[in-house]
Amino acid sequence: MDQVHIIYILIATLIVLLYTEWIRPSVSFLLVGVALIAFDILETKELLQGFANEQLAVIIMLLIISHMISQSGMMALLFNKLNSKKDLSQRGFLARMMSIVGLSSSVFNNTPLVALFMPYVHEWSNKNKISPSKLLIPLSYASILGGCITLVGTSTNLIVNGIAVDYGLPSLGIFDFSIVGGVMLIVGILYLLLFSNRFLPDHRDQFNSEDEYGREYFMETHIKEGSSLIGKSVEDGGLRNLKGVYLVEIIREDKAISPVSPKEVLQEEDVLIFAGDITAIPELKNQNLGLSLPKACDFDHKKRDEITELVVAHNSSMVNKTVKESDFRGRYDGGILAVHRNGERLTGKIGDIEIKPGDLLLVLEGNDFRSRIKNNPGFYVLRQPEIENEMPIWKPLLILFGLFTCIILNFFDVSLFKSLAILMGLGVVLNISSPNQIRNSVDFNLFLVIAIGLGLGRAMMKTGASEDIVDLMGLDATNDHPLYILLVLFIITNILASFITSKAAVAIMLPLAFDLIVSSDINHIPIILTIAFGGAANFLTPIGYQTNLMVYGPGRYSFNDFFKIGLPLTLIYGAVSCVLLALIYDLM
């Protein structure tokens with residue numbers, strides 16, 4: 001088998017692994033990297049070149065600086081200001097929220113921005129009795145739209161630029177994205193203001209004025225020795241009429257009993273699985289029932305009794321591990337009470353549930369839980385963040401001013417890498433972030449995906465696979481109209497990004513784009529920008545972009561909800577962005 005066919009198999013395998021999520025994306029890319037060396041397609045030093053890519057270092061530093069600012073409390077003060085205005089209509093709140101998030105995302109990494117804003121959306125929803133499902137997808141989409149305005153707005157743009165520079169093309173400027181990205185932010189906000197209320201689901205029928213919107217969690221309890229329930233039927237034990245919760249399964253000696261008959265007699269050591277919302281927790285903890293929470297929730301010397309909701313991030317170390325394997329309590333000093341997976345029926349003990357990205361965890365806090373979870377990028381907290389005034393406001397403002405200065409200096413050919421490195425060092429000197437917090441804020445999985453992605457692209461070009469795939473796509477750079485080429489590239493990149501993530505999509509598509517560039521006299525900038533926009537403008541599915549995944553569970557959305565509102569926006573984005581690029585770069 002020749003090397004080209006091996007590349008085809010590796011790409012196909014990578015797409016399947018990324019789509020099915022059998023293993024983590026970083027592991028999938030690592031296996032591809034190992035295969036490239038094993039089959040002598042790349043030498044070891046060629047694969048490792050990706051780790052020395054300057055744009056990769058820039059991405060990591062931007063994530064660290066964004067984390068410094070977001071953790072300082074400054075952004076929380078801004079969001080509190082937004083949330084404090086009374087008598088704001090749903091459309092008014094949406095307009096304010098999307099404008100602030102969109103503009104902020106042009107400079108800051110959009111993932112922590114969405115994580116910061118989600119609790120405010122829930123609080124405003126509760127106060128105004130409006131379903132969060134009407135607001136959370138617009139929050140995610142606004143962050144995506146804003147991230148497309150500048151080179152530093154999203155890691156996808158920086159990846160595209162890093163790969164292009166790796167191929168010997170000139171680096172894109174900070175504001176090469178701005179005309180198209182700015183226009184599409186305005187168009188996208190107007191579209192969402194007009195159609196989000198019509199297209200997005202309304203879950204107000206399950207509204208609960210005391211807490212959240214009735215998300216159905218699966219909770220585990222135990223019947224211990226001495227319980228008053230032993231020997232009673234489910235009905236006689238009072239388990240049929242509990243407020244906000246119902247018994248869905250009994251696990252007895254590792255065998256599941258479901259559905260549960262009202263006449264089923266309860267035994268010692270039975271594990272009872274309930275389904276219900278957050279308000280059911282006090283009911284289940286009622287000592288009169290004789291039920292015990294899982295061992296992981298049994299804390300000694302516990303000073304408080306608070307419950308937190310967490311969203312599991314795409315890069316969490318818990319993904320594809322069972323709750324038991326993750327050692328959540330030992331690592332974070334918190335006990336997982338319940339798990340919610342967007343309407344999916346979960347069965348079995350909590351400890352045996354395999355965690356997936358986007359899962360919501362209901363956690364009973366230990367004394368050290370908040371300090372341990374605070375700087376962990378693997379979780380997003382669905383709770384109004386506490387504004388800490390310990391740090392003088394001038395410190396994060398100085399870092400913010402420094403970030404804008406770095407961007408402006410880059411416009412005058414000052415190295416972004418050098419200026420960001422100085423700024424990051426200043427943040428450490430000012431004690432805005434400790435070295436330990438910086439380490440926790442770095443997404444090493446992202447680092448691995450980008451570096452191996454660069455190696456895969458190099459292998460595709462080296463073997464000629466990229467040229468063959470361009471021929472299969474039916475694109476002819478010498479005869480096809482440039483606008484047609486841009487539209488095809490956008491569509492293919494966007495479809496790939498919707499199912500295998502934007503970073504993987506651009507890593508596969510850029511070698512193909514490079515072959516088009518070298519075989520024609522078309523300006524390289526609009527082609528590279530089209531790949532970037534096609535990868536970043538990810539509105540069709542919850543799995544394509546991390547902010548979509550973040551709101552997927554809390555909004556109780558289905559894939560169809562994203563498709564219904566995301567397809568028109570994707571078509572508008574593709575058509576308008578490609579036409580604008582063709583006009584700006586004289587391709588019409």
Side-chain angles (χ1 to χ4, degrees), residues 1 3-60 63-64 111 155-156 158-160 162-163 166-167 312-322 325-326 354-358 376-378 439-463 465-466 496-497 499-511 535 543-546 549:
M1 185 182 297
Q3 291 184 335
V4 173
H5 287 95
I6 293 173
I7 289 288
Y8 292 159
I9 292 171
L10 289 177
I11 292 173
T13 303
L14 180 63
I15 291 173
V16 170
L17 290 175
L18 292 169
Y19 177 69
T20 58
E21 297 181 344
W22 287 338
I23 53 178
R24 297 177 68 174
S26 56
V27 178
S28 300
F29 271 89
L30 181 61
L31 291 175
V32 168
V34 170
L36 291 174
I37 295 174
F39 288 104
D40 293 324
I41 298 173
L42 289 180
E43 295 180 14
T44 304
K45 65 179 181 180
E46 290 180 295
L47 184 67
L48 294 178
Q49 281 176 8
F51 292 94
N53 186 280
E54 184 176 312
Q55 293 299 311
L56 180 53
V58 168
I59 293 171
I60 299 300
L63 289 174
I64 291 170
T111 303
S155 56
T156 304
L158 286 161
I159 293 169
V160 168
I163 297 175
D166 200 52
Y167 294 163
V312 179
H314 68 290
N315 60 341
S316 172
S317 60
M318 287 187 71
V319 171
N320 294 331
K321 293 180 181 177
T322 65
E325 291 169 344
S326 71
E354 188 175 280
I355 298 299
K356 298 295 182 183
N376 192 305
R439 187 185 71 246
N440 289 336
S441 67
V442 175
D443 187 350
F444 291 102
N445 291 314
L446 174 63
F447 186 82
L448 190 62
V449 166
I450 298 171
I452 301 296
L454 288 168
L456 176 61
R458 194 174 294 112
M460 290 171 66
M461 294 179 58
K462 182 179 179 180
T463 59
S466 57
L496 280 175
F499 295 99
I500 65 168
T501 77
S502 57
K503 298 162 187 61
V506 298
I508 291 171
M509 289 299 296
L510 271 167
I543 62 175
Y545 201 81
Q546 57 263 35
L549 189 62

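The model shown is predicted, which means the values in this text are computed figures rather than measured ones.
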Flag side-chain contact, heavy atom, 4.5 Å: [X] against [Y]:
X: Met509; Y: Leu496; result: yes
X: Glu354; Y: Asn320; result: yes
X: Lys462; Y: Leu42; result: yes
X: Phe29; Y: Leu448; result: no
X: Ile159; Y: Leu510; result: no
X: Ser28; Y: Leu14; result: yes
X: Ile7; Y: Ile41; result: yes

Would you name the heavy atoms of [X] and [Y] that are closest together and state the gap between them?
X: Pro511; Y: Gly457; answer: CG-CA, 3.4 Å
X: Lys503; Y: Ser155; answer: CE-OG, 3.3 Å
X: Gly535; Y: Ala497; answer: O-CB, 3.7 Å
X: Ala35; Y: Leu10; answer: CB-CD2, 3.6 Å
X: Pro357; Y: Leu549; answer: CB-CD2, 3.2 Å
X: Met460; Y: Thr463; answer: O-OG1, 3.4 Å

Give, for atom [atom1] of [X] and atom [atom2] of [Y], the distance between the pair rounded to the nearest 0.5 Å.
X: Ile6; Y: Ile11; atom1: CD1; atom2: CD1; result: 12.0 Å
X: Ser326; Y: Ile355; atom1: OG; atom2: CD1; result: 7.0 Å
X: Ser502; Y: Gln546; atom1: OG; atom2: CD; result: 6.5 Å

Pair Tyr545, Thr156 - check side chain to side chain contact (heavy atoms under 4.5 Å, CB included), show working.
CA-CA 10 Å; Tyr545 201 81; Thr156 304; 4.3 Å; yes
Is it true that a side-chain atom of [X] and a backbone atom of [Y] form a donor plus acceptor pair closer than 3.5 Å?
X: Gln49; Y: Thr44; result: no
X: Thr13; Y: Ile9; result: yes
X: Arg458; Y: Leu47; result: no

